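These notes concern the structure reproduced below.
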Number of protein chains: 2
Amino acid sequence: MTSTVADSAPARRVPRPRADALRNRERIVTAAREMFVEFGSQVPYDEIARRAGVGNATLYRNFPERTDLVHEVVLSLMARVTEVAERAAEEESDTFAALRRFTLGAADERVGALCPMLDGAFDKDHPDLVAERDRLEEAVQGLVERAQQAGRLRTDVGVGDLMVALSQLTRPLPGSGCAAFDQFVRRHLLLFLDGLEAPARSELPGKAATLEDLRRDSCPS
Amino acid sequence: MTSTVADSAPARRVPRPRADALRNRERIVTAAREMFVEFGSQVPYDEIARRAGVGNATLYRNFPERTDLVHEVVLSLMARVTEVAERAAEEESDTFAALRRFTLGAADERVGALCPMLDGAFDKDHPDLVAERDRLEEAVQGLVERAQQAGRLRTDVGVGDLMVALSQLTRPLPGSGCAAFDQFVRRHLLLFLDGLEAPARSELPGKAATLEDLRRDSCPS
DNA sequence: AAATAACCGGGGACCGGGTCCCCGTTTATG
DNA sequence: CATAAACGGGGACCCGGTCCCCGGTTATTT
């Protein structure tokens with residue numbers, strides 16, 4: 001994975017970051033993801049540092065702007081979720097089972113944490129982000145279309161419906177690191193999925209939405 | 001409603017509050033409910049006062065402790081939701097339709113706002129609160145049982161499942177007062193309800209929970 | 001293994017926003 | 001009309017988050 005880029009190159013100009021520096025940066029991002037999930041992206045810097053087992057200065061050195069940190073976390077989280085979607089599509093033959101697996105897997109990754117991040121305060125149009133979002137949408141859209149074409153998923157729902165409901169249902173209650181809650185969430189996700197299954201049991205108002213619709217609608221600012 | 005308690009009594013000791021004072025108190029509670037729904041119970045006192053069209057001093061005079069205000073708001077919100085449940089049971093002959101009506105009605109009242117209030121910081125065991133919670137549980141439990149006995153609602157779900165999922169799905173995204181989002185929420189609620197309908201399309205892990213279970217589990221503190 | 005430079009960590013000063021009170025003014029009541 | 005209760009907003013206080021400084025530590029280089 002990590003190519004030996006700066007190995008033979010003149011290392012004097014950019015002497016390659018130290019090993020522990022990279023490790024620390026990684027620990028920070030992980031800690032931040034966990035904290036964001038639980039307390040939202042406004043959580044104090046010092047707390048994140050403590051959770052990461054790092055001095056706060058290290059945190060400020062790596063991410064001078066909070067924006068940078070949020071950006072990094074969102075990116076990393078989206079990548080994980082995308083991978084869950086791709087693995088589900090690949091390894092699950094039954095189309096609806098694939099959808100189930102993705103949903104529960106995404107819940108385990110705490111997609112719900114993406115929600116509070118939409119509270120402004122970070123660049124939604126950054127190229128990296130758009131790229132990652134497109135990858136995610138493509139992967140999930142694939143799951144949805146396959147299930148719909150197989151007649152297993154009702155056709156009046158879209159990726160947006162799935163993602164938003166998924167996010168909402170898995171959003172952590174602030175404070176309580178309740179253990180029993182997790183099991184509870186799985187029940188709700190499964191119930192929601194049952195509602196998604198074809199044939200449709202009711203008629204929905206409005207129309208199915210894509211991720212693009214979401215991004216546009218959610219922030220009229 | 002308001003009995004003339006202090007009318008003939010020696011009014012010197014407690015000379016009955018002035019009319020505008022009562023009106024102001026009411027406006028404050030209303031404003032607080034709206035603000036809590038949108039921004040959580042931590043919203044600055046001054047903001048609430050401004051929204052209520054009152055000086056901040058009036059707010060502090062009426063609710064010296066934030067706890068008091070939260071308590072009042074929760075109570076008022078629960079009462080509204082209970083009423084929705086009772087009206088639904090009473091006026092809707094079809095048992096599942098009653099459940100639908102309650103769910104959508106409760107969403108309109110913004111039950112989701114109750115969630116962030118569980119972030120500690122207020123007395124869960126206050127007699128008034130317990131009483132109101134029991135009334136609410138009884139009303140909703142009635143809806144659930146009727147639908148289950150009629151064979152319209154799957155039997156592996158309980159009041160707790162409905163209430164928590166309902167709260168989660170309707171929780172407002174902090175910041176954006178997005179208009180389109182509301183319509184979106186209705187879609188998700190209807191999908192979830194479809195999942196609740198009998199016959200069950202999947203097998204759920206764990207077991208159905210009551211409100212009492214919720215209260216106990218959610219705060220191991 | 002020693003030298004060197006990059007990196008780390010935590011203690012504390014600064015700053016902004018929320019809380020809460022004081023007091024001159026307004027308004028319901030009898 | 002007199003009186004006292006209630007109002008309102010301006011500002012002082014205070015706390016918690018941010019951000020920097022500097023002495024110590026640890027990975028790299030020869």
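Below, all heavy atoms of this structure are taken into account, side chains as well, without hydrogens, waters or symmetry copies. Numbered from 1 within each chain, the chains take letters A, B, ... in sequence-line order. Source: prediction; values computed, not measured.
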Inset, instruction - Give a yes/no answer on whether the side chain of A:Asn24 brings an N or O atom under 4.0 Å of OP1 or OP2 in C:dC7. - result: no
Separation of atom [atom1] in [X] from atom [atom2] in [N], rounded to whole Å:
X	N	atom1	atom2	result
A:Leu59	C:dG10	CG	P	13 Å
A:Leu69	D:dT18	CG	P	11 Å
A:Arg50	C:dG9	CZ	P	14 Å
B:Arg25	D:dC7	CZ	P	11 Å
A:Arg27	C:dC8	CZ	P	11 Å

Inset, instruction - Work out which heavy atom in B:Ala139 is nearest to a heavy atom in B:Ala85; give both atom names and the distance. - result: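 Closest pair (atom of B:Ala139, atom of B:Ala85, distance): CB-CB, 3.8 Å.
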Inset, instruction - Can you see which heavy atom on B:Leu129 is nearest to which on B:Lys124, and at what distance? - result: CD2-O, 3.6 Å
Ignoring hydrogens and angles, write down the donor-acceptor pairs under 3.5 Å from the side chains of residues 75-82 of chain A, residues two or more places apart or on other chains.
residue, atom, partner, partner atom, Å
A:Ser76, OG, A:Arg33, NH1, 2.7
A:Arg80, NH1, A:Glu109, OE1, 2.6
A:Thr82, OG1, A:Met78, O, 2.8

Inset, instruction - Determine whether A:Met35 and A:Ser41 make a side-chain contact, defined as any pair of heavy atoms from C-beta on separated by less than 4.5 Å. - result: no
Inset, instruction - With the side chain counted from C-beta on, respond yes when A:Val130 and A:Arg135 share a heavy-atom pair under 4.5 Å apart, and no when they do not. - result: no
Inset, instruction - Please work out which of the three classes, parallel, tilted or perpendicular, describes the rings of A:His188 and B:Phe192, given edges at 30° and 60°. - result: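 Aromatic pair B:Phe192/A:His188 classed perpendicular.
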Inset, instruction - Taking only Lys NZ, Arg NE, NH1 and NH2, and the carboxylate oxygens of Asp or Glu, determine whether A:Glu34 and A:Arg110 approach each other closer than 4.0 Å. - result: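 No salt bridge links A:Glu34 with A:Arg110.
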Legend entry - Five-pair end axes of the helix from C:dA1-D:dT30 to C:dG30-D:dC1, angle between them (10°):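 Helix axis angle between the two ends: 30°.
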Legend entry - Where protein sits on nucleotides 19-30 of chain C, one letter per nucleotide: B base, S sugar-phosphate only, - none, heavy atoms under 4.0 Å: BBBB----BSSS
Inset, instruction - Answer yes or no: is there a donor N or O on one side and an acceptor on the other, between the side chain of A:Arg187 and the main chain of B:Pro205, under 3.5 Å? - result: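 Side chain of A:Arg187 to backbone of B:Pro205: a pair is present.
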